[in-house]
Participant: 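I'd like to ask some things about the structure below.
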Number of protein chains: 2
Amino acid sequence: MGINERKVRERNEMRQRIIQGAIHMFMTEGYEKTSIRNIAEKIEYSPATIYLYYKDKDELLYDVQKEAFQGLLVEFQARATATDPFERLTQICQTYVRFGLTNQEMYNLMFILKAPMNVIEEQEYWKNGDDCFAFLTTCIHECIQLKQIRYDNVMIAALSVWSMAHGLVSLDICCRMKVMEMEEEGVVHAITASVNEYLKLIKN
Amino acid sequence: MGINERKVRERNEMRQRIIQGAIHMFMTEGYEKTSIRNIAEKIEYSPATIYLYYKDKDELLYDVQKEAFQGLLVEFQARATATDPFERLTQICQTYVRFGLTNQEMYNLMFILKAPMNVIEEQEYWKNGDDCFAFLTTCIHECIQLKQIRYDNVMIAALSVWSMAHGLVSLDICCRMKVMEMEEEGVVHAITASVNEYLKLIKN
DNA sequence: TGGAAATAATGAACACTGTTCATTAAATTT
DNA sequence: AAATTTAATGAACAGTGTTCATTATTTCCA
């Protein structure tokens, strides 16, 4: 009975087509101008068809977010390869910031927009960000074990590192760095400098 | 000729009425469900009337944001009063986090949402956040002069402190802390602990 | 004070949004 | 080949931000 397998495969292919259409719209037109009708037109289907594969827009955005996180994890695995934990932590931070600044629309969907988080039930936890966060926590765990950083609690340390990196990237993406009198180039430099300063601060 | 003065006054009163209506909608219904029609109904005017006082929704949001920043500045002035610069920096951070967690919709408008920033011209700078940021930078300037913190550059230090606080608050508001297996109470505790740890780290 | 000019407010419309549902087209089963 | 299940769609609904011709009100001047 290979017919059911094909049905499942075709369903996944269609979902993938929708996700890729959505990503394409994000990249070219930005999140704000990406509508269900836009995505449908891009993949040459009726808007109503999308609702056969996704309950609502939030559920679709959640899947696009999942795709984006797989991209970040690949970056981590490719760029944060040092065997020394602290050195790897440095690579993680640099990769994170770089990823955020070069994929602003995707970063927005991953870490800022509320919409994709609406699918998560109260008290339930967020599976999309799971692997990337685990990549960070295991690294920090090793740093603490080797007494390489001035933190003793893995959770507090992971949250702090993440918050510093996210704070810098998101303030830039959300245009809030306009309080400072700086050109675009100077902003990127200040972000990099701040991350490096922070890593120096936490180093034992 | 007091008639023109009255016209100006009435115009400001109307704008204030619109702003307060918008704030009321934010507080009670949240940002997502706050529409021009909603605000108009709240203040008992036609939707079209709002467009006699604001060019578009973004411009209105910008003015609401301004109001919100005045609120934060008042908090700073009331709670961050220590004469010792580092102690005052601690108070600033605590006030900031407290403000963000207790006024999530306003924080969203002030630091996360893109809409109000659209009114700012390219390369121009962001006047709304000005005073609050100056409050932070002058404090940090004093900290550096007294060698109370391990930073030598005021801008980098201010950006770092702000990013850490904003990172923590915004990750919570945007529900991204759901990657960590924690109850709501634990999250608030972790945020506080992270800020305190950071302040310990930068203290000389 | 009464009528003209300027100002303020509005209802109705436009083009868009997410979403639903009855109807049509296609594929599968009998 | 006919009946049944599955897939896709067009049209509609209620909502959005925004514009504009029309109406109401206020101000000005003869």
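Numbers restart at 1 for each chain; the letters A, B, ... are given by sequence-line order, proteins then strands.
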Participant: Can you find a side chain N or O atom of A/Arg6 that sits less than 4.0 Å from OP1 or OP2 on D/dT6?
Facilitator: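 Result: no.
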
Participant: Within this structure, what is the CD-to-P distance between B/Glu59 and D/dT19, rounded to whole angstrom?
Facilitator: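 The distance from CD of B/Glu59 to P of D/dT19 comes to 11 Å, rounded to the nearest Å.
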
Participant: OP1 or OP2 of D/dT9 less than 4.0 angstrom from a side-chain nitrogen or oxygen of A/Thr49, does that happen here?
Facilitator: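 Yes, because at least one side-chain N or O of A/Thr49 sits under 4.0 Å from OP1 or OP2 of D/dT9.
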
Participant: Within the structure shown, what part of the strands sits under 4.0 Å from A/Tyr53 by heavy-atom distance: base, sugar-phosphate, or nothing?
Facilitator: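 Result for A/Tyr53 = sugar-phosphate.
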
Participant: Nearest to the side chain of B/Lys57, which nucleotide is it out of D/dA7, C/dG18, D/dT18?
Facilitator: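 In terms of side-chain proximity for B/Lys57, the closest of D/dA7, C/dG18, D/dT18 is D/dT18.
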
Participant: With distance as the sole test, does A/Thr49 use its side chain to make a donor-acceptor pair with the main-chain N or O of A/Tyr45 at under 3.5 Å?
Facilitator: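 Side chain of A/Thr49 to backbone of A/Tyr45: no pair is present.
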
Participant: In whole angstroms, how far is the P atom of C/dG18 from the CG atom of A/Leu60?
Facilitator: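 To the nearest whole Å, that distance equals 10 Å.
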
Participant: Report the relative orientation of the aromatic rings in A/Phe111 and A/Tyr96; use parallel for angles under 30°, tilted for 30 to 60°, perpendicular for over 60°.
Facilitator: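 Rings of A/Phe111 and A/Tyr96: tilted, 30 to 60°.
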
Participant: Could you state the atom-to-atom distance from CG of B/Asn118 to P of D/dT18 in whole Å?
Facilitator: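 Atom CG in B/Asn118 sits about 11 Å away from atom P in D/dT18.
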
Participant: B/Ser46 or A/Ala48: which one's nearest nucleotide on DNA chain C is closer to the 5' end?
Facilitator: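 Whichever sits nearer the 5' end wins; that is B/Ser46.
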
Participant: What are the two closest non-hydrogen atoms of B/Phe69 and B/Gly129, and how far apart are they?
Facilitator: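 Nearest pair, atom of B/Phe69 first, then B/Gly129: CE2-CA, 3.7 Å.
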
Participant: Tell me whether the side-chain N or O atoms of A/Arg37 pair up with the base of C/dG18 as donor and acceptor below 3.5 Å, since no angle test is needed here.
Facilitator: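 By the distance-only test, yes, there is a pair.
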
Participant: Which pair of heavy atoms, one from B/Gln148 and one from B/Pro85, lies closest together, and at what distance?
Facilitator: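 Minimum heavy-atom contact is OE1-CB, 3.2 Å.
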
Participant: In whole Å, I'd like the distance from the CD atom of A/Glu32 to the C1' atom of D/dT16.
Facilitator: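 Rounding to the nearest Å, CD of A/Glu32 and C1' of D/dT16 are 14 Å apart.
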
Participant: How close or far is atom P of C/dG18 from atom OH of A/Tyr51, stated in whole angstroms?
Facilitator: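 Taking atom P of C/dG18 as the reference, OH of A/Tyr51 is at 6 Å.
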
Participant: Separation of A/Arg17 atom CZ from D/dA7 atom C1', in whole Å?
Facilitator: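 One finds 13 Å between C1' of D/dA7 and CZ of A/Arg17, rounded.
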
Participant: For A/Lys33 and C/dT17, give me the distance from atom NZ to atom C1', rounded to whole Å.
Facilitator: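 From A/Lys33 NZ to C/dT17 C1': 15 Å.
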
Participant: From the set D/dA7, D/dT18, C/dG18, return the single nucleotide nearest to any side-chain atom of B/Ile36.
Facilitator: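 Nearest nucleotide to the side chain: D/dT18.
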
